[in-house]
Every structure is written in structure tokens, then in C-alpha cells.
Peer 1: 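A single structure is presented below for examination.
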Amino acid sequence: MSFLDSIEPTGNPVQDHSMRVFQLALEAGDATRKFFKENGEELSTTAWFSLVMEYQNLHLQLTDRAIFGRIPETKRHLLMSGFAALCIDTTITTICKGWGDERIAGIQKECMENYKKSYLDYGVCKKLFPEKGEGAGGTMIWEFSKTVAGLVGHDFDAVYIMFFTRLVDFQRLKLNEFVEGATKL
């Protein structure tokens with residue numbers, strides 16, 4: 001039975017978006033495992049977990065950018081703080097089920113700290129993608145892909161960096177749907 005077998009839409013835009021973020025992060029982790037296997041490598045569970053959490057961090061950053069300016073700043077800050085906690089807590093309790101409350105709480109705390117760091121790291125990127133004819137350096141997607149490549153032991157490996165860039169599924173993240181629902185809360 002997969003983590004995703006029990007996911008059903010709730011009608012709540014925050015919970016539904018949280019489930020999408022979780023699903024897309026898991027799919028990226030599983031696609032990476034498959035990519036590694038096809039290239040004669042094995043992705044450790046620790047690297048897989050780090051990769052899943054970093055994809056989740058990226059999705060959280062993209063979500064925040066999507067609602068920026070669409071709702072009042074105070075509401076946006078409260079929404080994103082709660083949303084990040086919901087995503088991280090749900091992901092950790094699902095993946096680490098049965099590991100004990102104290103251990104899970106420690107992992108949740110560490111993942112929240114990593115999210116806050118990624119928020120600062122990706123937050124300085126003015127663009128998501130480069131304009132036509134520009135280099136990719138300094139864009140959010142490039143910086144993210146370099147980070148993930150480093151997490152799985154392929155620092156500065158262009159093949160892996162490009163692979164991770166392609167795994168970001170903007171269409172299925174449904175940011176416009178989330179923003180529409182969030183503005184009504």
C-alpha cells in the first residue's frame with residue numbers, strides 16, 4: 001500500500017493543496033530512485049527523504065510566491081506559516097509512522113528549520129526561470145536543482161541538475177486553484 005492510496009480531496013483548499021505538495025514531492029523522490037537505478041546507482045533512504053523534503057520546500061516557496069500580493073500580508077504570513085507546518089507535519093508523520101512521537105517531533109523540528117533556510121535561500125532569487133537567452137544561474141529552479149543534486153551526491157553534475165529541473169510539475173501543483181481558494185478563506 002502506497003502513502004498516496006488514502007489521499008482524497010477534502011474541498012478545503014489548504015488541505016487539498018497540502019496533499020498535492022506531498023504527492024508531487026513523493027513522486028519526485030520515487031522518480032529519482034528510478035533514475036538512479038537506471039544509471040546503476042542506489043539512492044539511500046536518507047538521500048531520498050532529503051530530496052522529498054527539498055521538493056516540498058520548493059513547492060511551499062512557489063505557493064508563497066503565488067499568493068504574494070493576492071491577500072493581505074498579515075493573512076499571507078499566517079496562512080503560509082500554518083500551511084508549511086501542516087505540510088511538514090503530515091509528510092513526517094506519514095513517512096515516519098511508527099518511529100515514536102519524540103523521534104518524529106525531532107525530525108519535524110529539523111525539517112521546519114530546513115524549510116526556513118530554503119525560504120531564505122530561494123527567496124533571494126528574483127526569477128523562477130531565466131529569460132530566453134539568459135543563463136540559468138541565480139534563478140530559483142537552478143538553485144533548487146543544484147541543492148538537490150548536492151543532497152544526492154551529484155554536486156555540479158549537469159545531467160542530474162537538469163533531471164531535477166524537469167521533475168518540478170507546475171501544472172499539477174495547481175497554484176491558481178490554491179490561490180483562488182485561499183483568497184476566499
Peer 1: Quick test of your reading of the model: are Asp30 and Lys34 salt-bridged, counting only N-O distances below 4.0 Å?
Peer 2: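 So Asp30 does not pair with Lys34 through a salt bridge.
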Peer 1: Just wondering, are more than 12 heavy atoms of other shown residues or ligands nearer than 6.0 Å to CD in Glu102?
Peer 2: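 Check fails, neighbour count at 12 or below.
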Peer 1: If only atom types and distance count, is the side chain of Ser18 paired as donor or acceptor with the main-chain N or O of Val14 below 3.5 Å?
Peer 2: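 Checked: no pair found.
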Peer 1: Taking all non-hydrogen atoms of both residues, which atom of Lys146 and which atom of Ile161 are closest, and how far apart?
Peer 2: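 That closest heavy-atom pairing would be CG-CD1, 3.8 Å.
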Peer 1: Is there a side-chain contact (heavy atoms from CB on, under 4.5 Å) between Lys37 and Arg33? Walk through the geometry before answering.
Peer 2: CA-CA 6 Å; Lys37 189 174 185 173; Arg33 272 193 170 147; over 6 Å; no
Peer 1: Same cluster for Val159 and Ile141 if Ile/Leu/Val/Met/Phe/Trp/Tyr side chains link at under 4.5 Å?
Peer 2: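 Linked, Val159 and Ile141 end up in one cluster.
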Peer 1: Got Cys111 and Ile88 here, is their nearest side-chain heavy-atom distance under 4.5 Å?
Peer 2: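 Yes, their side chains come closer than 4.5 Å.
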Peer 1: Do the non-hydrogen side-chain atoms of Thr91 and Val21 ever get within less than 4.5 Å of each other?
Peer 2: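 Contact flag for Thr91/Val21 side chains = no.
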Peer 1: Do side-chain atoms of Glu54 reach the backbone of Val148 as a donor and acceptor pair under 3.5 angstrom?
Peer 2: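 It does not hold such a pair.
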Peer 1: For a 4.5 angstrom cut-off between non-hydrogen side-chain atoms, does Gln108 reach Ile104?
Peer 2: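 Heavy-atom side-chain distance check passes, below 4.5 Å.
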Peer 1: Calculate, to the nearest 0.5 Å, the distance between atoms CZ and CG belonging to Phe144 and Leu167 respectively.
Peer 2: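 One finds 8.0 Å between CZ of Phe144 and CG of Leu167.
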Peer 1: Looking at Pro130 and Thr139, what are the two nearest heavy atoms and their distance?
Peer 2: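 Reported closest heavy-atom pair: N-CG2, 3.4 Å.
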Peer 1: Check whether any side-chain heavy atom of Leu62 lies under 4.5 Å from a side-chain heavy atom of Leu128, and answer yes or no.
Peer 2: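 A side-chain contact under 4.5 Å exists here.
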Peer 1: Write down the atom of Leu60, the atom of Cys87, and the distance for their closest heavy-atom approach.
Peer 2: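 Looks like CD2-SG, 3.8 Å.
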Peer 1: Within a strict 4.5 Å, meaning less than it, do heavy atoms of the Glu177 and Arg20 side chains meet?
Peer 2: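 Glu177 vs Arg20: side chains touch.
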Peer 1: Hey, could you give me the CZ/CZ distance between Arg70 and Arg65, rounded to the nearest 0.5 Å?
Peer 2: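 Atom-to-atom, Arg70:CZ and Arg65:CZ are 16.0 Å apart.
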Peer 1: What about Phe163 and Phe36, are their ring centers closer than 6.0 Å?
Peer 2: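 No, they do not, as the ring centres are separated by 6.0 Å or more.
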Peer 1: Phe129, Met162: one ILVMFWY side-chain cluster at the under-4.5 Å cut-off?
Peer 2: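 Different clusters.
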Peer 1: Answer with yes or no after comparing the ring centroid distance for Tyr115 and Tyr122 against a 6.0 Å cut-off, counting only values under it.
Peer 2: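 They do not qualify: ring centres at least 6.0 Å apart.
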Peer 1: Could you grab the distance from atom NZ of Lys117 to atom OG1 of Thr147, nearest 0.5 Å is fine?
Peer 2: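 Between Lys117 NZ and Thr147 OG1, I get 7.0 Å after rounding to 0.5 Å.
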Peer 1: Which atoms form the tightest heavy-atom contact between Ser118 and Asn57, and what is the distance?
Peer 2: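 In this case the closest contact between Ser118 and Asn57 is OG-CB, 3.3 Å.
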Peer 1: May I ask you to test the Leu43-Phe49 pair for a side-chain heavy-atom distance under 4.5 Å?
Peer 2: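 No. Closest side-chain heavy atoms not under 4.5 Å.
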Peer 1: Find out if a path of hydrophobic residues (ILVMFWY) with successive side-chain heavy-atom gaps under 4.5 Å connects Trp48 to Leu151.
Peer 2: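 Looking at the clustering, Leu151 is in a separate group from Trp48.
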Peer 1: Measuring only between side-chain heavy atoms, which start at C-beta, is Arg172 closer than 4.5 Å to Leu24?
Peer 2: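 Side-chain contact under 4.5 Å: yes.
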Peer 1: In this structure, are over 12 heavy atoms from other groups packed under 6.0 Å from Phe68 atom CZ?
Peer 2: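 Counting neighbours around CZ of Phe68, 12 or fewer heavy atoms of other residues, nucleotides or ligands fall under 6.0 Å, so no.
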Peer 1: Rounded at 0.5 Å granularity, tell me how far CD in Glu27 sits from OG1 in Thr32.
Peer 2: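 Rounded to the nearest 0.5 Å, the CD-OG1 separation comes to 11.5 Å.
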Peer 1: Taking the ring of His154 and the ring of Phe164, is the distance between their centroids below 6.0 Å?
Peer 2: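 Distance test on ring centres: not under 6.0 Å, no.
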Peer 1: Between Gly29 and Val52, which heavy-atom pair has the shortest distance, and what is it?
Peer 2: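 The pair with the smallest heavy-atom distance is CA-CG2, 3.9 Å.
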Peer 1: Check step by step if side-chain contact (heavy atoms from CB on, under 4.5 Å) holds for His17 and Leu175.
Peer 2: CA-CA 8 Å; His17 192 59; Leu175 288 170; 3.9 Å; yes
Peer 1: Would the distance check show the side chain of Ser145 and the main-chain N or O of Trp142 forming a donor-acceptor pair, the cut-off being under 3.5 Å?
Peer 2: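 Such a contact is absent between Ser145 side chain and Trp142 backbone.
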Peer 1: Pair up each side-chain donor or acceptor in residues 75-84 with any protein partner under 3.5 Å, not counting sequence neighbours, and list the distances.
Peer 2:
unit_1, atom_1, unit_2, atom_2, d
Lys75, NZ, Leu185, O, 2.4
Arg76, NE, Asp64, OD1, 2.8
Arg76, NH1, Glu73, OE1, 2.8
Arg76, NH1, Glu73, OE2, 2.3
Arg76, NH2, Asp64, OD1, 3.1
Arg76, NH2, Asp64, OD2, 2.9
Arg76, NH2, Tyr119, OH, 3.2
Ser81, OG, His77, O, 2.9

Peer 1: How far apart are the closest heavy atoms of Cys96 and Ile107, and which atoms are they?
Peer 2: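 Nearest heavy atoms, Cys96 then Ile107: SG-CD1, 4.1 Å.
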Peer 1: Would you say that Ser50 contacts Tyr55 through its side chain, given a criterion of any heavy-atom pair below 4.5 Å between the two side chains?
Peer 2: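 With C-beta onward as the side chain, the pair stays apart.
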Peer 1: Is a side-chain donor or acceptor of Glu143 paired with a backbone partner of Met140 at a separation under 3.5 angstrom?
Peer 2: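 Checking the backbone N and O of Met140 against the side chain of Glu143, no donor-acceptor pair under 3.5 Å is found.
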Peer 1: Please say whether more than 12 non-hydrogen atoms of neighbouring residues, nucleotides or ligands are located less than 6.0 Å from CD in Glu180.
Peer 2: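 No, not enclosed.
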Peer 1: Just how far is it from atom OG1 of Thr63 to atom CD of Gln56, taken to the nearest 0.5 Å?
Peer 2: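 Separation between the atoms: 10.0 Å.
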